[in-house]
Amino acid sequence: MKNLVIFGAPGSGKGTQSDLLVAKYGFRHISTGDVLRAEIKQGTELGRTAQQFIDKGQLIPDELMIEILASVYDSLCPCEGVIFDGFPRTIPQAEALKKMLAERGHSVAAMIELYAPEDILMARLLNRGKEQGRSDDNEETINKRLAVYHTQTAPLIDWYKAEGLHHYVKSYGVLEEIFADVCKVIDSL
Ligand code: AMP
């Protein structure tokens, strides 16, 4: 079983690469952003709470996210492996993920950091906003999300380096080449 953390700033291509990985390897995929957007659509209490944070470009509190993640994980496994997309986003979330998996005799096999420069991230997100109408893909909220990424999420790069699990992939240029680089990491595990 290969559990993978697909990591990167908003717009770095986590969702795109996850879809390709699901098709190639048969992994299950947990996008915490998708889980929250589904709750919003269904009008649940969790959805109403989540919306307030998402619209401000802020992170949902760790305790809430950790609880959601464990229940989604248990609903998908046993399986070939899970791609964690958009989780963890803070060091407490990474610690909780490690603990949650260890309690089940599982672990993270690799963290793959997708890197793209900020101007490319901004262009991709503005384009997605136009195409998909995501409420948080407007310039003001994108800037807040990028700032949150730098302060709260990017420190996870060093955290995963210390765990010996960090892998870097350049995530701009030709899509097929990016995916091939991601696959190289997975095939080497
Ligand atoms: P995403 O689709 O991954 O870009 O997530 C969209 C929004 O959902 C984020 O800007 C956060 O407000 C919220 N969110 C998604 N995943 C998490 C997480 N792991 N921790 C906290 N908030 C999250």
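Quantities reported herein were computed from a predicted structural model and do not represent experimental measurements. Atoms considered below: every heavy atom in the structure, side chains included; atoms not considered: hydrogens, waters and symmetry mates. Each ligand, and each atom within it, is numbered from 1 in the order the structure gives.
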Item checked: N/O donor-acceptor pair under 3.5 Å between Asn3 side chain and Val82 backbone -> yes
Check: Mind checking what makes side chain to side chain donor-acceptor pair (under 3.5 Å) contact with Glu177, not counting sequence neighbours?
Finding: none
Next item on the list: Might you point out which heavy atoms bring Lys170 and Ile178 nearest each other, and give the distance in Å?
Entry: O-CG1, 3.7 Å
Note to self: At less than 4.0 angstrom from any atom of ligand 1, which residues have a non-hydrogen atom? List them by chain and residue number.
What the structure shows: Thr32, Gly33, Leu36, Arg37, Ile54, Gln58, Leu59, Ile60, Met65, Gly86, Phe87, Arg89, Gln93, Arg134, Asp136, Arg145
Check: Would you say the side-chain atoms of Thr44 and Glu39 include a donor-acceptor pair closer than 3.5 Å?
Finding: yes
Notebook entry, point to check: Is any side-chain heavy atom of Ile68 closer than 4.5 Å to a side-chain heavy atom of Val35?
Noted result: yes
Check: Between the side chain of Arg124 and the main-chain N/O of Gly11, is any donor-acceptor distance below 3.5 Å?
Finding: yes
